[in-house]
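Lettering follows sequence order; numbering is per chain, from 1. Nothing here was measured: the structure is a model prediction, and the numbers come from that model.
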Protein chains: 4
Amino acid sequence: MSKPDLITKLPAEPHEEMIKRFGCEGAFIPGDDERNPWVPFGDQAAIKHLAFDVRTNTAANILWVKGGGRIGTHKHLGVVSAVTLEGSWGYYEYDWTARPGDFVYELPGTAHTLYSDDPNGMKALFWLNGAIEFYDDEANYDFTADVFWFIDHYVSYCEANGLEVNKDMFI
Amino acid sequence: MSKPDLITKLPAEPHEEMIKRFGCEGAFIPGDDERNPWVPFGDQAAIKHLAFDVRTNTAANILWVKGGGRIGTHKHLGVVSAVTLEGSWGYYEYDWTARPGDFVYELPGTAHTLYSDDPNGMKALFWLNGAIEFYDDEANYDFTADVFWFIDHYVSYCEANGLEVNKDMFI
Amino acid sequence: MSKPDLITKLPAEPHEEMIKRFGCEGAFIPGDDERNPWVPFGDQAAIKHLAFDVRTNTAANILWVKGGGRIGTHKHLGVVSAVTLEGSWGYYEYDWTARPGDFVYELPGTAHTLYSDDPNGMKALFWLNGAIEFYDDEANYDFTADVFWFIDHYVSYCEANGLEVNKDMFI
Amino acid sequence: MSKPDLITKLPAEPHEEMIKRFGCEGAFIPGDDERNPWVPFGDQAAIKHLAFDVRTNTAANILWVKGGGRIGTHKHLGVVSAVTLEGSWGYYEYDWTARPGDFVYELPGTAHTLYSDDPNGMKALFWLNGAIEFYDDEANYDFTADVFWFIDHYVSYCEANGLEVNKDMFI
């Protein structure tokens, strides 16, 4: 398949030069890159971090909860969306079960407790805008996971394990 | 597995009542719901629409490009991210190939041409913030796909095929 | 000056009907409307609430700090911007002084303490994306002001004072 | 007024170090800085640019329309808000008149034509998320003003007039 020469033909708009001078490129983050490890999140879960935006407090990652695991009750301070990649999962507070290809979005102010009783657990890609407040089993405030919490989770693990920090992940 | 009674124990913050009065719930969008069909997008591609936010001009959907297909050159007016679900794909302008679990983010001002030369094509979940300008093969401006374009693509197909419009998709 | 008939001449794009069916109108919020009162915020300050977006956790308001007043140390979980309308103010942590027409933007993770030692105090329009964590003078966590906190601040005052809640403020 | 030593007392959260390593500072943009000139926008208007965010396609600026002036019909592809600083103005399509302290927000899909028939014209601070499509008096598409258009408007003027580009404006 030959590659059409389209981009170079795009109209040279007056501000096209400004895109070159001031614009930022995106990035490709391979899922199996050794710089993107599964970082343990408690005993029953792990997170593969994919992107961080410190200006808008957003993060993208794949959450892996092993069969029988759950994630503590949390409350959203921004919009969160998720697409399921493997297995199945739900929130104790709702009656649906998410399977591969199913999509969920969650809005500020809502709170829920994620679980997977699938023998194979679950994996889902989460895109998190804004911070998340976690509560313990007694419903006491535990901690706030904002983009810097996610960065710390990732960078501390890389540094403790001699892995290179993937700079492309920082939008 | 018993369901812990956490939510009802969350501290009744002064504004908790306001969340009940003014907050909005999120939604679960099943991937195999008949109200979420594959809507043809040209001859070689189809889109499964998942969510629309008319206030922030964002949309989420799964793009399916069949083997050998491509999507016209487009330029971003906002942040777009994608996670690959099946097959493989790339942009003619970059040298990476995205496979299941790989993640991509793209920033305003960038332009590129999506293709899949995988015999099995590709499926990826896209989260699109802001509009996208499409160009034809001669690099002439073709049309702008903003959230209303995506809504029209979905709703027109539903109405032409006697399918119910899924109101949960509207954030 | 006659009013040109431009809008009705805008091209009837394929999705123009969808804008009519699914789009939302904006709003005009008069600054001197009795439904938009100055709501006391401690002894030395007041807030005139202007807009709330519960889906993205954002709020717009005018902050009025009287001469000699200050606002407790707070930390941002999102982007905040401000334009000064009257008087002058600053943050103890930075060396600038903001006067009418001056603009400030603040990013997630930063923390600061607002003061005005201007005899006339200060007024500034703030646009707040995401929540703000307040700390007391001993640097202990005090409370989190998200959009529902701002709504509660506004609605509770209206209801206690027999004022109508201005529905246009809810984006 | 003595400066309390609050910030240094803020709890050293686990991720506080990450804020120092990966966080970005905000900025103070003085309204009367010679690096922030009034850049002509047609014969009857000028723009004082204040901030640009190329990652989210947003811009902040003060629009000055002289008495009797108007700005061509435009359509929004994102959320726009404005607070009036001086004079008065409106849109031909709505019946309100905005005066100092009045606030307006506008949502994607809406289109309108700004005018000021105030002898003193108008000045208002606009915060623009996403691009704006301008149309001419015959309702033909004219051009799209995204963040790069605003950057070009500002930088080209600075370079043509020997003014330093204010790097703080780039979020």
Review point. If you check every heavy atom in residues 99-107 of chain C against those of chain D, which residues fall under 4.5 Å?
Key: C/G101, C/D102, C/F103, C/V104, C/Y105, C/E106, C/L107
Practice item. Give a yes or no on this: more than 12 heavy atoms of other residues, nucleotides or ligands lie within 6.0 Å of atom CG of D/N161. Key: yes
Check your understanding: Going by heavy atoms in the side chains, are C/L85 and D/L85 under 4.5 Å from each other?
Key -> yes
Check your understanding: Between C/A82 and chain D, which part of the residue has a heavy atom less than 4.5 Å away: side chain, backbone, both or neither?
Key -> neither
Check your understanding: Is there any residue in residues 28-35 of chain D with a non-hydrogen atom under 4.5 Å from a non-hydrogen atom of chain C, and which ones are they?
Key -> D/F28, D/I29, D/P30, D/G31, D/D32
Revision key, fill the gap. Between the CD1 atom in C/I19 and the NZ atom in D/K75, the distance rounded to the nearest 0.5 Å is 3.5 Å
Review point. Taking C/A27, C/G109, C/G23 one by one, which has the highest count of heavy-atom pairs under 4.5 Å against chain D?
Key: C/A27
Review point. More than 12 foreign heavy atoms under 6.0 Å from CG of C/D95: is that the case here?
Key: no
Check your understanding: Side chain, backbone, both or neither: which part of C/S81 has a non-hydrogen atom closer than 4.5 Å to chain D?
Key -> side chain
Practice item. Below 4.5 Å from any heavy atom of chain C, which atoms of D/D168 appear? Answer side chain, backbone, both or neither. Key: backbone
